[in-house]
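These numbers come from the heavy atoms of this one structure, side chains and all, not from hydrogens, waters or symmetry mates.
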Amino acid sequence: MAGGAASGGSATSDAYAPARGWLLMPAWLVLGIVVVAPVFLMLIYSFLTKEFRGGVIWEFSLEAYDQFFFDRGLFGDEPPTIQWAYIQIFWRSIWQATLATVLALLIGFPTAYFIATRPVQQRTVWVFLITIPYWVNLLIRTVSMRFILRDQGPLNDFLQWIGVIAEPLTIINTNIGVQLGLFYSYLPFMVLPLYAAIERYNFALSEAAADLYAPRRKILTRVVLPAVKPGVIAGCILVFVPSLGSFLAPDLLGGARNFMIGSLIDEQFRGSAGNWPFGAAAAMILLTLVLMVLMVLARQQARLEKGAG
Amino acid sequence: MHRQLRTSAIALCTGLGFATAAVAEGEVVVYHWFEYIPQELVDKFEAETGITMVIDTYDSNEAMLASLRAGGMGTYDVAVPGDYMVQIMRDNDMLDTIEEGELSNHGNILPEWLDVDYDPGRRHSIPYQWGSTSFSVNRDVYDGAINTTDIIFNPPEELSGRINMLASQGEVMALAAIHLGIPMCSPDRDDMQALNDLLMGSREHWLSFNSDTAREILVSGDAAAGMIYDGFSARGRIEEGANIEYAFPTQGYIAWMDNMVLLNDAPNRENAIILMDFLLEPENVGMLTNFTQYSAGIAGVDDYLDPELAAQPERNPPEDAGPAVFIDVCDQQTQEIHDRMWTALRR
């Protein structure tokens, strides 16, 4: 696929090959200290006994996972049934993250396509413009959204003024508010990889397809999309994963009436619950889910590259 | 007990930067609520004693406990837990004992705050500030009687679905128990079942769970009623002109006191004692109280208070107000059942 995504290829010679191990050392060290060690610690914690009001007792226990999957009634002495509360919280988070990803893709793809089809010298300006709002801290942007979207906020005032609606729309403290917050927070993570992929796309392929009488829809689905698929997958991962664990948007825009995964875990460590093993177990289950999604996508990608090669 | 006093204390962080002048006298490391001490008071302490005050902040009692338990002991000299948290920390052997005669201003503590249940005789703590927690109602939306917990748990139609709750399990559970007239940590099954039914049944009336924005959400009108602390509500009314009224339910409401405690393994124990003595001086406590707009537990403070403060409706319960009760510390079994209710409530 000349000019397509697969043309990056592997380097033919590596001048630094002998020093490779040493050059990777800093990266391994950082990853080891800030990623691997904490995750491993959480994995261990999730199998320990909880200490009342925070902390762990160094005794093996499956109680945390039991609590996640089995409901033994309010007083903990009924025969176990499936615990839906946490599944419901996970399901809500996954659903919200999926929706945010789809929305970001729907808006991000045309945007990236637009940027990639501008003259070369203009593209950097457009990319620059995309990133500007994200120089501001996420917390501040989320609070501002809260201000704009509220019942008596500028958005509702404007819509009422032009006569589109009679009563203010309630967006804050609903799932729609959370959704807007999520998809907006992570939109550039969709646009940028898509742009990188579309920019490398050889538009002569589209022309060729058109010359062969392919309708425009077919050109998009059969020629463009397959070629930029790696960008789509990268963008989707970059939006989906942080959305899943996010707790700023649910807290500030959703009113925290319903827990999302992030706030559920947070509550176990910093709330009155103080159940560290359970928080760790919930984090491990989340991690497993994310890894499974990533593995499916990675396998698809590998198949794709094999097909292309 | 959660408060975010939003005004002047941004200066705290900058204060740390150039507070190196008095190195000779060392430092005192304070683990404190966010924005809960005015910068003038920090400056005054440093000028008078030559001790540098280093402040690190937290935003809930439970977060403070978690951080201390996760290796924070030995870093801080003092912390400022709420009443029930003092007891938890005492039970967990996290507090050092203040020997008799160590605090020369110990006699300034008002008698009613001396023999508190959570620290009899004040062996580990001194009063910092106290106040109450109930709820406020937007009077533009609802003008009926509000001095009843029905406003939260069985609200009139105007308020239903427009109520903000504190995102704090202890306070929500305590108010629910007051509404039902049962002991807060009642281990009785019927009581707990009733508590659970009440919470699950009231859930549809509640808009959100938020502590940080408890004041803002009322001022902006996004919520028409909400649980809140007395001083926090007063500031919304006075500083931001919101037409909100603080309620004193006839069933009762929540009282709290924050206390400065001496932590075990304090690296600067002597300086911590000096700081505690400083915070027992009426003049200093007056400065603090004018800033927080809560109340002090020290004798002789009144002379230093802003005159308007005493007349605030938020601190003057009407005749028929119910008792102000402190939050109880539940035993492990009861607490775990409460935790289960809380998660089910937020599912």
Calculate, to the nearest 0.5 Å, the distance between atoms [atom1] and [atom2] belonging to [X] and [Y] respectively.
{"X": "A:Q96", "Y": "A:N175", "atom1": "CD", "atom2": "CG", "answer": "5.0 Å"}
{"X": "B:Q169", "Y": "B:Q335", "atom1": "CD", "atom2": "CD", "answer": "5.5 Å"}
{"X": "B:L207", "Y": "B:M165", "atom1": "CG", "atom2": "CE", "answer": "11.5 Å"}

For [X], does the [atom1] atom sit with more than 12 other heavy atoms under 6.0 Å from it, leaving out its own atoms?
{"X": "A:E78", "atom1": "CD", "result": "yes"}
{"X": "A:E51", "atom1": "CD", "result": "yes"}
{"X": "A:F40", "atom1": "CZ", "result": "no"}

Side chain, backbone, both or neither: which part of [X] has a heavy atom under 4.5 Å from chain A?
{"X": "B:A223", "value": "neither"}
{"X": "B:D331", "value": "backbone"}
{"X": "B:S220", "value": "both"}

Open item on the list: Just by distance, no angles: are the side chains of B:N259 and B:S125 close enough, under 3.5 Å, to form a donor-acceptor pair?
Closed with: no
Task: Modelled atom types, side-chain donor and acceptor of B:N210 and B:N164, under 3.5 Å - done: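 Distance-only check fails for B:N210 and B:N164.
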Which of the residues [options] is involved in the greatest number of heavy-atom pairs with chain B at under 4.5 angstrom?
{"options": "A:F52, A:F269, A:W276", "value": "A:F52"}
{"options": "A:D251, A:N258, A:I172, A:I89", "value": "A:N258"}
{"options": "A:Q152, A:R92, A:R146", "value": "A:R146"}
{"options": "A:G254, A:G76, A:A85, A:G54", "value": "A:A85"}

Open item on the list: Does anything in residues 336-347 of chain B reach chain A? List residues with heavy atoms under 4.5 Å apart, or say none.
Closed with: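 Listed by number: B:E336, B:I337, B:D339, B:R340, B:M341, B:W342, B:T343, B:L345, B:R346, B:R347.
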Task: Proximity breakdown for A:Q67 and chain B, heavy-atom pairs closer than 4.5 Å - done: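 For A:Q67, no heavy atom lies under 4.5 Å from chain B.
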Task: Interface moiety of A:Y86 toward chain B, non-hydrogen atoms closer than 4.5 Å - done: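 The side chain, not the backbone.
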- [ ] I would like to know whether A:Y184 and A:Y134 meet ring-ring contact (aromatic ring centres under 6.0 Å, His included); could you show each step before the answer?
- [x] CA-CA 10 Å; A:Y184 168 73; A:Y134 295 87; 5.7 Å; yes
Open item on the list: Using side-chain heavy atoms (C-beta onward) and a distance below 4.5 Å, is A:R257 in contact with A:N173?
Closed with: no
